[in-house]
Amino acid sequence: MEIKFIPIDYDYFDWKSKSYAKIIGRSDKGKRVCIIDACEIYFWAILNSNVSSKKIKQMQKKIEKIEIQKGTRISRVLKTELYNKNYLGKSYKAIKIFVTNFKDAHSIASKIDFKEVYKRREYDLTFTTKYILQKKLNPLTWYQITGELLNNSEEFGGIDSNLDVDFCLKIKEIKKTEQIPFKPKILAYDIETEGIEMGKTPILMISLVGENYRKVLTWKKKSRKSYVETFKDEEEMLEEFVKSIKKYDPDILVGYYSDGFDLPYLKIRAEKNKIKLNLGLDNSQPKFSRGRLLTGKIKGITHIDLLRFIQTVYAQYLKSETLSLNEVAFELLGEKKLDFSPLKQTKLKNPNWEDFFKYNLQDSILAYKLTEKLWPDLLELTKIVQEPLFNISRAGLSNLVENYIIHNLSKYNEIAEKHPIHEEIGKRREQKRVEGAFVFRPIPGLYENLAIFDFTSMHTSIIVSFNISKATLLEKKQKDSYESPELEFENKKTKFYFSKKPGFFPLILKELFEKRKRFKQEYKKNPNPLTKARSNAFKLLSASIHGYQGFFGARYYSLEASASVLAFVRKFNKQIIEEMNKQGYNSIYADTDSVAFKLNQHTKKQTLDLLEKINQQLPGIMELDLEDFYKRGIWVTKRTGEFGAKKKYALINKKNKIKIRGFETVRRDWCNLARKTQNKILNLILTTGNEKKALTYIKKIIKKIKNREIPLDQLLIKTQLKKPLSEYKSINPHVMIAKKMQEKGIPIDVGRLITYYISENKNKNKRELIREKAKLPDEPGKYDIEYYLNNQVLPSVENIFEVFKINIKEFIEGKKQKKLSEF
DNA sequence: GGTCCTGCGTTACC
DNA sequence: ACCGGTAACGCAGGACC
């Protein structure tokens, strides 16, 4: 039998002590298919140099006799083969050791302890990674598959008959084929419960949304709405939930925060009702693995918690202040959750069930639409990193980078480095932090006619240009090697040297860098969600590489490499600052990979010519780029001291587009009033080039504050709770409010945004703490005029006016010949 | 009882 | 434990006068 097949979910199983891959996907006809494939399980014993051939043969014989029994399972070494391989860029003889069973590779590896063995490697890769590497059956890519149809076959213990698929194939041949668009079957779900404590109270309703498919399952109330199905009790509802999913037959089951809430909740409630939540295609129940975060896996169906993907991969493209479903959906879809106020109360009393059903349905609708919207990003990242969608949708940045590297090692005949063990991680974490990038302290002022240059993927281009990596680091200075700038490392001034022979790590990055450029161009030429997603995926990987090298959990960790990259970053940033000054420009500001400067008498063309000249002199693949030309820019003083503040500036380009960085305007822990006022002031100053209109505006705002004309929603301050309440040493207003909320019975989780305002407080007998005046938004009270003037609005604008030598407080007092308090 | 400094805490930039 | 260093700045806590 021959079919076109796209792999989606990867798994493996044991049959007669051997490991087999079990891959679920679709055929081009939309059939759900399982394919079964044998996969050789092996790892490597890398040998010390000058071990004699005779000795090697002896070792191979010994290794081939290793046998392990674990319960009923017997694991053996099947065979061994000798190869010339590279490991960390050096060539070695290595014995490839084939074992029967994946699960025992680790134990067998630990039995190979000959003194001639330098390292044992690749026993710590997952089965799926090994399989994909070996068979090149990449996720979400179409293949032409030839195989033997299993039909109630005895082979593999009748696996096909217990599997909920259209057919099951035993693979004979995998061939590449043309790619056709693939749209997965997505089903979104969301539950509503009586309380929020995990599994404690019944699930009231469950919504399910797919293509032309909308359902709410409940047992609480009958409804006139056709999408609502009412059952006798929670048990029946849960049973129907499983049935509905099986019937809809989705490739992807998606929720929002469903790893942490919906799926584990469902599992507990199923247990309480003594029923099986057998969602898996093999009728297995969801399995949860505990890391820092709970992860819910369903066999054969890719369970995605969209929040996790958005948190690690997508948040950087979002403006939303929180990653709540409501805000993210509004930003990406222009659609919100429905307002259902009974949920905001601590106890649900006689809710309007019709509204509640609608509310529940809407959450799944949003999750469904968001998944469709983010599908190009999930798809591209999965194809590029070459790990299953399930992993990609939850992977952190280091994980994405590392898997990208692992799946690109074979070109260099490289054996993968091992994952650091616990002890090693501990050691790495104790290492002193290395010095980071350089930030140039600006001289405060309003500047005209500016431009910004920045380096393209600076860290990555440095790694490639100077061949920097764990494997290319030389122990001591060598002739004809790359030399890092002087840097401090372990409390000593030193330099690091890197071989000139290109290493596999920089070479993989070089390819990544080139692809990043190519796909950015492709997107510019042909902008659509797919080209955008591809461009973004490479951008993300490229931007995360340097952080990866310095991350304690990385296989290719090297603090020496990381410190060297940063030393180059500082050097080149300073070099460009100087070069611009030398060429008759004035450098105003710089941060890491960018330099802002005044053009002075120079034209745009002269500036671009200079850019080209600089580029000709830059080493390797390093490249300086024009970010933009700007009409004006403003830099202010720090609130304390008379120096210019770093990481705070505002610019207006030639098309009157304003870019604000670091100012309170962009900080969510300031009230809207202060943020909006500052934004307006910056806008007026940047557009007009002077402070006149801004002064008129601030006077108007101050008057409004004084007259209590500001609505409460403009005065709310939002601060995130970053740790459990008990761990706070310093009780700041938001901690105080969180405690108050907890006393009221409102559940407080880490990560929650705490909202409050500052009210007037009459008893002024002792030193007044702000937290004593903090109130919940629904607590009655008058806002504290003095606080909002002196701690919010005026501080947000005073150093802007100071650029024009105006002391805003004095200006306001002087003008009116009155004290501020009488204003 | 006021003033100043320091550390905690959050959020931003790159 | 899940990319990391640089930086601003409010508030509380405590030393000091």
Side-chain angles (χ1 to χ4, degrees), chain A residues 290-293 295 308 311-313 316 321 391 394-402 419-420 422 425-426 428-429 432-441 452 454-455 457-459 540-554 557 559 562-563 565-566 569-570 573 589-594 627 636-641 643-649 659-671 674 717-723 727-736 751 753-754 758 765-774 787 790-792 795-796 799:
Chain A
R290 288 199 172 269
R292 188 175 55 93
L293 299 166
T295 293
R308 286 185 68 175
Q311 272 172 343
T312 45
V313 173
Q316 53 173 327
E321 275 172 18
N391 304 37
R394 291 170 176 75
L397 294 177
S398 70
N399 198 296
L400 293 173
V401 168
E402 190 153 281
H419 199 282
H422 193 74
I425 289 179
R428 290 178 182 183
R429 291 179 61 123
K432 206 171 162 251
R433 302 167 105 205
V434 296
E435 188 184 346
F438 170 71
V439 189
F440 181 92
R441 190 171 295 289
I452 293 181
D454 61 3
F455 283 96
S457 299
M458 191 187 204
H459 300 78
L540 182 78
L541 289 172
S542 180
S544 310
I545 299 263
H546 168 254
Y548 169 79
Q549 267 200 133
F551 167 55
F552 53 75
Y557 172 84
L559 203 57
S562 181
V565 171
L566 288 162
V569 167
R570 292 190 293 273
N573 197 226
Y589 179 65
D591 186 347
T592 311
D593 61 351
S594 69
E627 197 212 71
V636 300
T637 49
K638 290 212 312 179
R639 193 97 72 229
T640 52
F643 295 127
K646 298 175 178 182
K647 299 190 186 283
K648 268 182 102 165
Y649 58 91
K659 180 171 153 177
I660 298 177
R661 289 290 122 94
F663 274 108
E664 284 74 3
T665 302
V666 299
R667 293 183 63 97
R668 71 168 181 204
D669 55 346
W670 282 69
C671 75
I717 298 163
K718 297 175 195 164
T719 314
Q720 196 181 25
L721 212 61
K722 303 285 271 189
K723 52 187 183 185
E727 285 175 24
Y728 280 93
K729 286 183 190 142
S730 178
I731 311 301
N732 281 2
H734 77 289
V735 181
M736 185 79 171
L753 214 52
I754 306 293
I758 303 301
N765 49 355
K766 55 179 178 190
R767 174 181 170 175
E768 225 175 30
L769 292 177
I770 308 243
R771 66 168 179 236
E772 304 292 344
K773 303 196 286 181
Y787 175 83
N790 296 325
N791 294 40
Q792 291 278 331
S796 77
N799 39 20

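Note on naming: letters A, B, ... go to the chains in the order of the sequence lines (proteins, then strands), and numbering restarts at 1 for each one.
Residue-level contact check: A:N791 touches the backbone only, with heavy atoms under 4.0 Å from sugar-phosphate atoms and none from bases. Within the nucleic acid shown, A:L566 has no heavy atom closer than 4.0 Å to any nucleic acid atom. Within the 4.0 angstrom heavy-atom criterion, no nucleotide atom of any strand lies near A:S544. Using a 4.0 Å heavy-atom distance criterion, A:Y548 is classed as making no nucleic acid contact. Across all strands shown, A:H734 has heavy atoms under 4.0 Å from sugar-phosphate atoms exclusively, and none from any base. Residue A:E435 is classed as a sugar-phosphate contact, given heavy-atom separations below 4.0 Å to backbone atoms only. Within 4.0 Å (heavy atoms only), A:Y557 reaches no atom of the nucleic acid at all. Backbone-only engagement by A:V434 is indicated by non-hydrogen atom pairs under 4.0 Å involving sugar-phosphate atoms exclusively. Contact annotation for A:G662: backbone-only contact, meaning every heavy-atom pair under 4.0 Å involves sugar-phosphate atoms and none involves a base. Residue-level contact check: A:R308 touches neither bases nor backbone, having no heavy atom under 4.0 Å from any strand. Here A:F455 lies out of heavy-atom contact (under 4.0 Å) with every strand. Across all strands, A:Y728 comes closer than 4.0 Å only to sugar-phosphate atoms, never to a base (heavy-atom distances).
Under the 4.0 Å criterion applied to side-chain N and carboxylate O atoms, A:D591 and A:K647 are assigned as salt-bridge partners.
One interatomic measurement links the two molecules: CD1 of A:I770 to C1' of B:dG9, which rounds to 15 Å at whole-angstrom precision. Residue A:K647 contributes atom NZ, which lies 12 Å from atom C1' of C:dG4 at whole-angstrom precision. What separates OH of A:Y589 from P of C:dT6 is a distance of 14 Å, to the nearest Å. Atom CG in A:L400 sits about 16 Å away from atom C1' in C:dG4, given to the nearest Å. Atom CG in A:L540 sits roughly 18 Å away from atom P in B:dC14 (whole-Å rounding). With rounding to whole Å, A:I717 atom CD1 is found 13 Å from B:dT10 atom C1'. Taking atom CG of residue A:D669 and atom C1' of nucleotide B:dA12, one finds them 9 Å apart after rounding to whole Å. Computed from coordinates, the A:D593 CG to C:dG4 P distance equals 19 Å when rounded to whole Å.
Closest of all the heavy-atom pairs between A:V401 and A:Y548 is CG1-CG, 3.7 Å. Of all non-hydrogen atoms in A:V569 and A:A437, the two that sit nearest each other are CG1-CB, 4.2 Å.
Relative to the ring axis of A:F552, A:R429 places its NZ or CZ within 45° and under 6.0 Å from the centre. The cationic atom of A:K723 (NZ for Lys, CZ for Arg) lies less than 6.0 Å from the six-membered ring centre of A:Y728 and within 45° of the ring axis.
Between the side chain of A:N799 and the main chain of A:T637, a donor-acceptor pair closer than 3.5 Å is present.
For a distance-only test at 3.5 Å, the side chain of A:R667 qualifies as a donor-acceptor partner of the base of B:dT11.
In terms of phosphate contacts, A:S730 brings no side-chain nitrogen or oxygen within less than 4.0 Å of OP1 or OP2 of B:dC8.
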